[in-house]
Amino acid sequence: MSLEKAAQAIRNAESLALACHVGPDGDALGSMLGLGLAARNSGKPVVASFGSPHVLPPSLSFLPTDLIVPPQEFPAEPDVMVVLDAGSADRIGDLAPAAKSAATVVVLDHHVTNEGFGDVSVVEPTAAATGELVFRLLGILDWEISPEIAQCLHTALVTDTGRFQYSNTTPETLRIAAELVARGADPAVIGRHVYEEAPFGYLKAAAVAMERASLDPRLEVVSTFITAQDLDDLGITWGDTENLIDLLRMAEEADTAILAKAHSDGTTKVSMRSRGLTDVGALAAKQGGGGHRLAAGFTTSEQPETVIATLVSSLGDHR
Ligand code: 5GP
Ligand code: MN
C-alpha cells in the first residue's frame, strides 16, 4: 500500500501509539522516535514503546527517548497504532495484543520477508531503512523535521546501511541523509556512540567470542556464540553486543557469518550475515524468523552449538 494511505490514517488519528521491534536497533528506534517527535511537535497525542525485555541499547541512549513508555503503559486499545521496522506481527513481542485491539494498524517496514500485516501495510524492500519511509511520510504530512528528528532518522539510515557501505545504500538513501544533515543531524555524535565507543567489557566479550569462532573454508562459513553468563562475567548487557556480528563477518574466507547469543531464559537469538552467496533471509524465515537477503535473524529454544550445526548443514539449500 502507499505512503499516502499511511499518511491519511495518521493525519486522521485522534492519538498515535507507536511500536517497533523487540531488541530495537538504530532503525527501529530512530524511525519510531523520528515519527513520534514530529507527531508531538504537530500537536498529535503520541506514545511510543517496544516489547520486553524493555531495555534501551546503551549505544542508542543518546537518542531523545523521553517519548518511550514501558509496555505496561502502552494503550491497550490504541486508536491508530503505527508499527515500525517489524517484519511480522510477532516481532513486537508483548505489544501484539494492543495491535490486535487497535482501531487501525499502520505498518511501515522494509523487510523483504514481510508478508504484510496490519490494515495499512507499507513495505518497501528497496528502502535501506524504515527511517527512509518515515522521512518521506513526514514530507507528505508536512510535519517539520527539527534537528532532533533529523538526528533520529539519520541514526536509522546510518545503522541499517552500516555507515552507508552495504549494498542497500542507494542514491536516494544518500540524498535523504544529506537532507537530514542539512537539517541538523550530527554524524559525529551518532558515529561516536554507535561505532567508536563501547565498555571495556565488550572488548573482552569480543575476545571470548572470537576465541570460540570456527571457520569452515569449504562451506565458507564462520560461526561463534556468546552466552548470558559471559556477559554477566564481563559486566555488559546484550545491548552492548550489537556490533559483534560485524567483527565476526570480517573473516575474508567466509561468505556467511553466524552468531548465536544464548540468553538466560534458555532461548538463543541467532544473527546471520552474507556477502551475497547465501540468502540468509530465507534461511532465517525457515526457522521462524526473517530479515533481509544478506542480514537476518531468528530465535530458537535450541542450544547455540546445536543450532549452528543445523544452519551450517542447511547452507547448501540457500545458495
Ligand atoms: P540482527 O541480526 O541485527 O538482530 O537482525 C538482522 C535483520 O534481521 C534485521 O533486519 C532484523 O529486523 C531481522 N531479524 C532479526 N531477528 C529476527 C526475527 O526473529 N524475526 C524476524 N522476522 N526478523 C528478524
Ligand atoms: Mn530496519
Side-chain angles (χ1 to χ4, degrees), residues 19-35 50-51 53 57 59-60 83-93 96 107-117 122-135 152-162 164 166-169 173 176 194 209 223-226 238-249 256-261 263 267-274 278-302 304 307-308 311:
C20 65
H21 66 73
V22 290
D25 56 14
D27 186 29
L29 282 175
S31 60
M32 179 172 77
L33 290 170
L35 178 58
F50 59 90
S59 65
L60 294 170
V83 178
L84 297 109
D85 201 39
S88 53
D90 60 310
R91 288 281 285 157
I92 57 173
V107 173
L108 301 175
D109 186 38
H110 68 133
H111 290 97
V112 68
T113 51
N114 191 321
E115 287 170 351
F117 64 100
V122 184
V123 180
E124 285 202 22
T126 57
T130 301
E132 277 193 25
L133 301 180
V134 171
F135 176 87
C152 294
L153 298 181
H154 198 62
T155 300
L157 267 58
V158 168
T159 53
D160 261 26
T161 59
F164 306 109
Y166 300 152
S167 56
N168 59 356
T169 307
T173 314
I176 294 173
V194 180
S223 60
T224 192
F225 65 94
I226 187 140
W238 288 116
D240 293 315
T241 66
E242 273 282 306
N243 296 336
L244 197 52
I245 183 75
D246 295 324
L247 186 58
L248 182 70
R249 67 183 296 190
T256 314
I258 304 172
L259 172 64
K261 298 175 173 177
H263 287 249
T267 63
T268 301
K269 164 94 182 70
V270 179
S271 286
M272 297 187 287
R273 302 289 186 269
S274 165
T278 312
D279 184 348
V280 292
L283 189 53
K286 229 186 205 173
Q287 303 284 336
H292 311 282
R293 210 175 76 78
L294 303 181
F298 65 93
T299 299
T300 170
S301 54
E302 279 177 36
V307 68
I308 287 172
L311 291 169

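Heavy atoms only: backbone and side chains are in, while hydrogens, waters and symmetry mates are out. Both counts, for ligands and for their atoms, begin at 1 and track the order of listing. Numbering starts at 1 and runs along the sequence shown.
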- Item | Interatomic distance, L157 atom CG to T169 atom OG1 [nearest 0.5 angstrom] |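 Result: 8.5 Å between the selected atoms.
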- Query: If you round to the nearest 0.5 Å, how far is OG1 of T241 from CG of L259?
  - Reply: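 The CG atom of L259 sits 7.0 Å away from the OG1 atom of T241.
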- Message: Ignoring waters, how many N, O or S atoms from the protein are under 2.8 Å from the Mn ion (ligand 2)?
- Response: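 The number of such protein atoms is 4.
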- Message: Ignoring hydrogens, what is the shortest heavy-atom contact between A296 and A284? Give both atom names and the distance.
- Response: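 Answer, listing the atom of A296 first, then A284: CB-CB, 3.7 Å.
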- For ligand 1, what are the residues with a heavy-atom contact below 4.0 Å?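 Correct list: S88, R91, H111, K269, S271, R273, G289, G290, G291, H292, A295, A296, G297, F298.
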- Ring centres under 6.0 angstrom apart (H111, F117):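 Ring-ring flag for H111/F117: false, centres at least 6.0 Å apart.
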- Query: Can you tell if the side chain of F298 reaches within under 4.5 Å of the side chain of L283, non-hydrogen atoms only?
  - Reply: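 F298 vs L283: side chains apart.
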- Is the closest side-chain heavy-atom distance between V270 and Q287 below 4.5 Å?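 The answer is no; the side chains never approach within 4.5 Å.
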- Checking side-chain hydrogen bond (donor to acceptor under 3.5 Å, both in side chains) for the pair D85/H110: CA distance, chi angles, key distance, verdict? CA-CA 7 Å; D85 201 39; H110 68 133; 3.2 Å; yes
- side-chain hydrogen bond (donor to acceptor under 3.5 Å, both in side chains) assessment of S301 paired with T267: CA-CA 4 Å; S301 54; T267 63; over 6 Å; no
- Task: Evaluate side-chain hydrogen bond (donor to acceptor under 3.5 Å, both in side chains) for T173 paired with E132, printing each intermediate quantity in order.
- Result: CA-CA 7 Å; T173 314; E132 277 193 25; 2.7 Å; yes
